[in-house]
Amino acid sequence: MKTLRLTLGATLFAAGIILTLLPGSILLVLGGLLILSYDWPKARTLLKYFQTGMRRSACKADAFLLARKLR
């Protein structure tokens, strides 16, 4: 089971990195890191980093869209 999780997680992570130019591919990266984080402690750190970055960028996008709407 551990080998299956590591293989699936690595595949999703690699596919997400390769497809970084397409919208929504970051979800593959997060999914891969989520699966890898069960068995690989370094993946937990990377998952936290990507989640923080996504939260920051979503807050910036919300602020930009709200400011644009109020003009």
Side-chain angles (χ1 to χ4, degrees):
M1 191 64 171
K2 182 177 179 178
T3 306
L4 179 65
R5 271 195 315 257
L6 289 174
T7 304
L8 181 62
T11 304
L12 284 174
F13 182 72
I17 293 296
I18 291 170
L19 299 173
T20 53
L21 299 176
L22 298 176
S25 64
I26 191 70
L27 296 177
L28 292 176
V29 173
L30 288 175
L33 286 174
L34 180 68
I35 294 171
L36 286 173
S37 69
Y38 285 108
D39 299 314
W40 194 39
K42 181 71 174 171
R44 287 186 202 115
T45 306
L46 287 171
L47 181 62
K48 178 76 85 177
Y49 175 76
F50 278 109
Q51 286 175 331
T52 304
M54 284 186 64
R55 181 184 177 279
R56 247 187 267 131
S57 64
C59 288
K60 285 181 184 179
D62 286 343
F64 173 75
L65 292 173
L66 184 61
R68 186 173 153 219
K69 181 181 177 184
L70 294 177
R71 281 192 225 176

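Heavy-atom basis, side chains included; hydrogens, waters and symmetry copies ignored.
- When the side-chain contact (heavy atoms from CB on, under 4.5 Å) test is applied to Ile18, no partner is found at least two apart in sequence or on another chain.
- For the side-chain contact (heavy atoms from CB on, under 4.5 Å) test, residues two or more places apart in sequence or in another chain that qualify with Lys2 are Arg5, Leu6, Asp39.
- Atom CE of Met54 is separated from atom OG of Ser57 by 6.5 Å, given to the nearest 0.5 angstrom.
- Grouping Ile, Leu, Val, Met, Phe, Trp and Tyr by side-chain contacts under 4.5 Å, direct or through others, puts Met1 with Leu4.
- Note that CZ of Phe13 and CD1 of Ile35 are 12.5 Å apart. Values are rounded to the nearest 0.5 Å.
- Screening residues 42-54 for salt bridge (charged side-chain N to carboxylate O under 4.0 Å, His left out) gives no qualifying pairs among residues at least two apart or on separate chains.
- How far CD of Gln51 is from CG of Leu46: 11.0 Å, rounded to the nearest 0.5 Å.
- Val29 and Leu8 sit in two unconnected hydrophobic clusters of ILVMFWY residues. Membership requires side-chain heavy atoms under 4.5 Å apart, directly or through other members.
- Atoms OG1 and CZ, from Thr45 and Phe50 in turn, are 12.0 Å apart once rounded to the nearest 0.5 Å.
- Considering every non-hydrogen atom in both Leu33 and Ala43, the closest pair reads O-CB, 4.0 Å.
- In this structure Thr11 satisfies the side-chain contact (heavy atoms from CB on, under 4.5 Å) test together with Thr7, sequence neighbours excluded.
- Annotation: side-chain contact (heavy atoms from CB on, under 4.5 Å) contacts of Leu19 (sequence neighbours excluded): Leu22, Ser25, Leu28.
- Linking ILVMFWY residues whenever their side-chain heavy atoms come closer than 4.5 Å, directly or via other members, leaves Leu12 and Ile26 in distinct clusters.
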